[in-house]
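Reviewing the structure listed below.
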Amino acid sequence: MAVCDLIAEQGFDAVTVARAAAAAGVSVGLVQHYFRTKDEMLLHAFHHVSASIRSRIDARIRAGAEHRRPISRVLAEALAQFLPLDAERRAEYRVSRAFAGRALDSPALAEIDAATARARLDELARAVHNGKECGEVAEDLDPRPAAVRLAAVTEGLALQIYRAPGELDEIAASIIEEELATVFTGECRQYASPSDASRP
């Protein structure tokens with residue numbers, strides 16, 4: 001998407017209607033027809049990035065169910081989609097950061113930013129709750145604080161990776177997995193074989 005590419009390459013401040021039109025190969029008037037302000041362009045780019053990440057996560061969830069993977073394994077792969085470990089995710093991260101920065105001064109964007117963050121926390125908390133039901137998570141663990149911690153570690157790690165491209169790539173997965181291991185401390189009963197289930 002042209003606006004995403006512009007933000008990723010030049011930063012949001014460098015994006016103009018004229019540059020967006022040139023990048024997309026359309027007229028300035030057509031861009032202005034769809035986007036009255038730069039904030040509307042940024043919101044469109046943010047939605048595009050969010051949908052792209054969501055699509056990759058959904059694919060990993062489907063594969064996890066098909067191959068009977070533990071929730072912790074699927075969650076590790078899902079959280080990795082937020083880490084700027086390749087060109088695509090690095091560009092997405094820049095768009096997301098630009099959106100978050102602009103949201104500091106725009107109540108309308110701030111509301112969307114907060115709602116997006118809440119939805120991600122809800123998803124993480126639901127995954128932890130599902131882990132409790134299948135035996136991967138201790139029954140007395142509160143899903144919400146665990147979700148907040150997992151989100152905070154992922155977001156902090158994403159920033160560190162972005163600041164030092166290539167330096168943390170090899171240990172990024174292990175950091176996520178170690179954090180997940182503090183939450184998902186058990187084995188999944190759902191995928192246990194009959195012989196495993198009969199053991200004391």
Side-chain angles (χ1 to χ4, degrees), residues 1-17 19-26 30-31 34-35 37-67 69 71 73-104 106 108-127 147 150-163 165-166 168-169 172-173 175-177 180:
M1 181 195 170
V3 175
C4 288
D5 292 340
L6 280 174
I7 294 171
E9 293 168 6
Q10 303 177 31
F12 181 58
D13 289 341
V15 175
T16 64
V17 171
R19 284 177 178 165
V26 299
L30 184 60
V31 173
Y34 288 102
F35 307 114
T37 65
K38 282 182 63 174
D39 278 359
E40 288 185 359
M41 280 197 291
L42 179 58
L43 178 59
H44 183 72
F46 179 71
H47 283 319
H48 176 80
V49 163
S50 298
S52 179
I53 295 171
R54 179 75 258 172
S55 176
R56 295 197 305 269
I57 289 174
D58 286 345
R60 279 151 182 82
I61 291 172
R62 288 192 299 271
E66 180 181 347
H67 298 290
R69 294 176 186 150
I71 293 172
R73 179 68 255 156
V74 176
L75 204 49
E77 295 176 1
L79 291 174
Q81 300 313 306
F82 296 101
L83 303 180
L85 293 169
D86 54 37
E88 179 183 17
R89 284 178 286 178
R90 193 169 176 82
E92 291 171 348
Y93 184 77
R94 282 204 63 164
V95 172
S96 297
R97 290 277 291 180
F99 184 85
R102 183 71 187 109
L104 294 174
S106 169
L109 297 185
E111 187 175 335
I112 294 168
D113 189 44
T116 302
R118 282 195 302 271
R120 288 177 183 169
L121 281 178
D122 289 344
E123 265 198 305
L124 282 171
R126 192 158 49 247
L150 289 169
V153 168
T154 304
E155 289 176 15
L157 179 59
L159 178 57
Q160 296 302 316
I161 291 170
Y162 184 80
R163 285 174 172 164
L168 304 175
D169 294 10
I175 291 173
I176 293 292
E177 288 169 3
L180 284 167

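- Distance check, rounded to the nearest 0.5 Å: CZ of R89 to CD of E92 gives 8.5 Å.
- Using modelled atom types, no side-chain atom of S55 and backbone atom of A51 make a donor-acceptor pair closer than 3.5 Å.
- Using modelled atom types, one side-chain atom of T154 and one backbone atom of L150 make a donor-acceptor pair closer than 3.5 Å.
- Listed here is the closest heavy atom pair of A110 and A103: CB-O, 3.3 Å.
- Heavy-atom contacts from other residues, nucleotides or ligands closer than 6.0 Å to CZ of R90 number more than 12.
- Sequence neighbours left out, the pairs with a member in residues 111-122 that pass salt bridge (charged side-chain N to carboxylate O under 4.0 Å, His left out) are D122-R144.
- Scanning both residues, A172 and L83, for their nearest heavy atoms gives CB-CD1, 4.2 Å.
- Within the model, atoms OG1 of T116 and CZ of F46 stand 4.0 Å from one another, a figure rounded to the nearest 0.5 Å.
- Note that CG of D58 and CD1 of I53 are 12.0 Å apart. Values are rounded to the nearest 0.5 Å.
- Between I176 and L75 the shortest side-chain heavy-atom distance does not fall below 4.5 Å.
- With a 4.5 Å cut-off on side-chain heavy atoms, L79 and V153 do not count as touching.
- A pairwise comparison of heavy atoms in A158 and P84 identifies O-CG, 3.5 Å as the closest pair.
- One finds the CZ atom of R56 at 11.0 Å from the CZ atom of R54 (value rounded to the nearest 0.5 Å).
- Side-chain contact check for F99 versus I7: every heavy-atom pair is 4.5 Å or farther apart.
- Atoms CD1 and CD1, on I175 and I161 in that order, are 7.0 Å from each other to the nearest 0.5 Å.
- Within the 4.5 Å cutoff, no side-chain heavy atoms of F35 are placed close to those of L42.
- Under the 4.0 Å criterion applied to side-chain N and carboxylate O atoms, R19 and E9 are not assigned as salt-bridge partners.
- Side chains of M41 and K38 form a contact here, defined as non-hydrogen atoms less than 4.5 Å apart.
- For the pair H67/R73, no side-chain contact is recorded, criterion being any heavy-atom separation below 4.5 Å from C-beta on.
- To the nearest 0.5 Å, atoms OG (S96) and OH (Y162) are separated by 11.0 Å.
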task: Go through the steps for I57 and F82 under the test side-chain contact (heavy atoms from CB on, under 4.5 Å), then give the verdict.
output: CA-CA 10 Å; I57 289 174; F82 296 101; 3.7 Å; yes

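- Between A147 and A125, the shortest heavy-atom distance links the atoms CB-N, 3.5 Å.
- D169 meets the salt bridge (charged side-chain N to carboxylate O under 4.0 Å, His left out) test with no other residue; sequence neighbours excluded.
- Inter-residue side-chain proximity for E40 and Y34 is flagged as unmet; no heavy-atom pair is nearer than 4.5 Å.
- What you find for I71 and A127 is that their closest heavy atoms are CG2-O, 3.8 Å.
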